[in-house]
Amino acid sequence: GGSGWAGWAGILALGGAAGSPATAAELRVGSGCVYATIADAVAQAVANGTASDLILVKASPAQTIAAPINIDLNVAGTVEIVGGFGTCTDPLPIAGLRTTVSLNSPSAFTIQNAGASTRTFTLQQVALIAGVGSGRLVDVSGRVFVNVDDVLLSAGKANDGGNVRMAGPNVTLFITGGATIYSGDATNNGGGVHCSGGGSVLLDDGGISDNDADVAGGGIADPGGLDVVADLAQHAPQRIAAEHRVSRRRTAATYNARRS
């Protein structure tokens with residue numbers, strides 16, 4: 001199963017981040033809730049300062065990202081977006097239910113943190129799908145621990161990192177809860193994930209599959225220094241490895257794999 005916010009202590013310890021505050025603001029999103037859109041709730045999370053914010057999104061109706069959502073975690077603190085809620089007041093999301101979020105924009109989430117402490121950005125129980133003519137899904141830089149839990153990230157398009165781009169050595173991508181990063185497309189490198197300057201991909205439970213890149217790294221493109229840990233819970237490391245061996249036109253980039 002996925003981690004959820006109840007499992008933050010263990011997740012953040014794994015990612016090397018500091019623990020979240022004991023209390024968190026709950027920002028409810030959806031028809032009849034306080035906030036109509038995810039973008040509205042993110043704006044409030046930023047305004048709240050560095051307190052932890054839980055953005056809880058109804059499963060229906062689906063959400064649309066019509067303009068890029070930029071989040072400076074050095075200002076906003078920890079931000080978690082959780083879908084799958086049946087109503088505006090449910091205490092927990094419905095197990096196995098995801099909120100569909102369609103991207104009709106050059107990008108969905110741009111996450112940065114120039115601060116000295118690692119901040120966490122979480123997507124849980126969300127299916128983030130790029131529409132025709134849309135761009136990258138998640139773009140991350142600085143000291144950021146990205147937790148994708150029971151999430152689908154699909155059909156993103158960019159020059160590098162169709163679905164996800166990680167910039168710098170201090171970005172960690174944690175894939176858990178059966179999350180899948182798939183059908184991304186890069187005109188250069190990394191259809192699924194592009195890592196520049198190092199960083200870590202921790203595959204606990206999920207996969208990176210069926211991504212395309214015109215140059216290298218169909219699944220993950222690594223110019224150098226990336227750490228891939230693919231068996232945190234004894235799950236098959238070949239889910240990443242096979243994607244590294246096959247890109248659309250040329251051999252995929254190599255990476256520094258290690259066993260946990």
Side-chain angles (χ1 to χ4, degrees), residues 3 8-20 50 70-80 107-123 136-149 151 153 156 158-176 179 181 184 186 188-204 206-208 211 213 215-232 237 239-241 243-244 247 251-260:
S3 61
W8 268 13
I11 294 287
L12 294 179
L14 180 60
S20 61
T50 55
N70 301 310
I71 308 176
D72 185 348
L73 297 182
N74 196 36
V75 176
T78 291
V79 174
E80 182 166 12
S107 65
F109 296 101
T110 299
I111 313 299
Q112 59 182 325
N113 175 34
S117 299
T118 299
R119 304 287 193 186
T120 299
F121 174 73
T122 293
L123 289 174
R136 182 185 296 114
L137 302 181
V138 181
D139 194 342
V140 190
S141 62
R143 294 184 179 275
V144 182
F145 186 86
V146 182
N147 176 31
V148 291
D149 182 351
V151 163
L153 299 179
N159 289 335
D160 292 304
N163 281 327
V164 179
R165 181 171 67 176
M166 302 163 52
N170 298 311
V171 179
T172 296
L173 176 63
F174 182 64
I175 302 169
T176 190
I181 300 172
N188 288 328
N189 305 302
V193 179
H194 182 269
C195 308
S196 60
S200 298
V201 175
L202 310 179
L203 179 57
D204 172 52
I208 300 172
N211 298 281
V215 178
I220 302 176
D222 168 29
L226 173 69
D227 227 356
V228 177
V229 184
D231 63 342
L232 297 176
R239 293 185 186 181
I240 280 183
E243 190 74 10
H244 273 73
S247 66
T251 57
T254 59
Y255 65 100
N256 302 317
R258 64 180 173 87
R259 307 284 292 185
S260 62

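- In terms of heavy-atom proximity, L173 sits nearest to M166 at CB-SD, 3.9 Å.
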Residues I71, F121; criterion side-chain contact (heavy atoms from CB on, under 4.5 Å); working and verdict:
CA-CA 9 Å; I71 308 176; F121 174 73; 3.8 Å; yes
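- When all heavy atoms of G156 and L137 are compared, the pair lying nearest together is CA-CG, 4.1 Å.
- Closest non-hydrogen pair, G161 versus A186, comes out as N-CB, 4.2 Å.
- For the atom pair CG of N70 and CD of Q112, the computed distance is 7.5 Å after rounding to the nearest 0.5 Å.
- Closest approach of A167 to S196, counting heavy atoms only: CA-OG, 3.5 Å.
- Here the closest non-hydrogen pair linking L153 and L123 is CD2-CD1, 4.3 Å.
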So I175 and V201, side-chain contact (heavy atoms from CB on, under 4.5 Å) or not? Walk me through it.
CA-CA 8 Å; I175 302 169; V201 175; 4.1 Å; yes
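- Of the possible donor and acceptor atoms, one in the side chain of N113 sits under 3.5 Å from a partner among the backbone N and O of R143.
- With rounding to the nearest 0.5 angstrom, the CG atom of D160 is 11.0 Å from the SG atom of C195.
- Put simply, the side chain of L73 reaches to within 4.5 Å of the side chain of I111, judged on heavy atoms.
- In this structure, the separation between CG on N163 and CD1 on I208 is 9.5 Å, given to the nearest 0.5 Å.
- Between atom OG1 of residue T110 and atom CG of residue D139 there is a gap of 5.0 Å, rounded to the nearest 0.5 Å.
- Residues V164 and V146 form no side-chain contact, since every pair of their non-hydrogen atoms from C-beta on lies 4.5 Å or further apart.
- Within the model, atoms CG of N147 and OG1 of T172 stand 11.0 Å from one another, a figure rounded to the nearest 0.5 Å.
- Contact record, A213 with G191: CB-N, 3.8 Å, taken as the closest heavy-atom pair.
- With contacts defined as side-chain heavy-atom distances shorter than 4.5 Å, the pair T50/R119 qualifies.
- The distance from the CD1 atom of I220 to the NE2 atom of H194 is 11.5 Å, given to the nearest 0.5 Å.
- Between the N211 side chain and the I181 main chain, a donor and an acceptor come within less than 3.5 Å of each other.
- Between the side chain of N189 and the backbone N or O of A216, at least one donor-acceptor pair lies under 3.5 Å.
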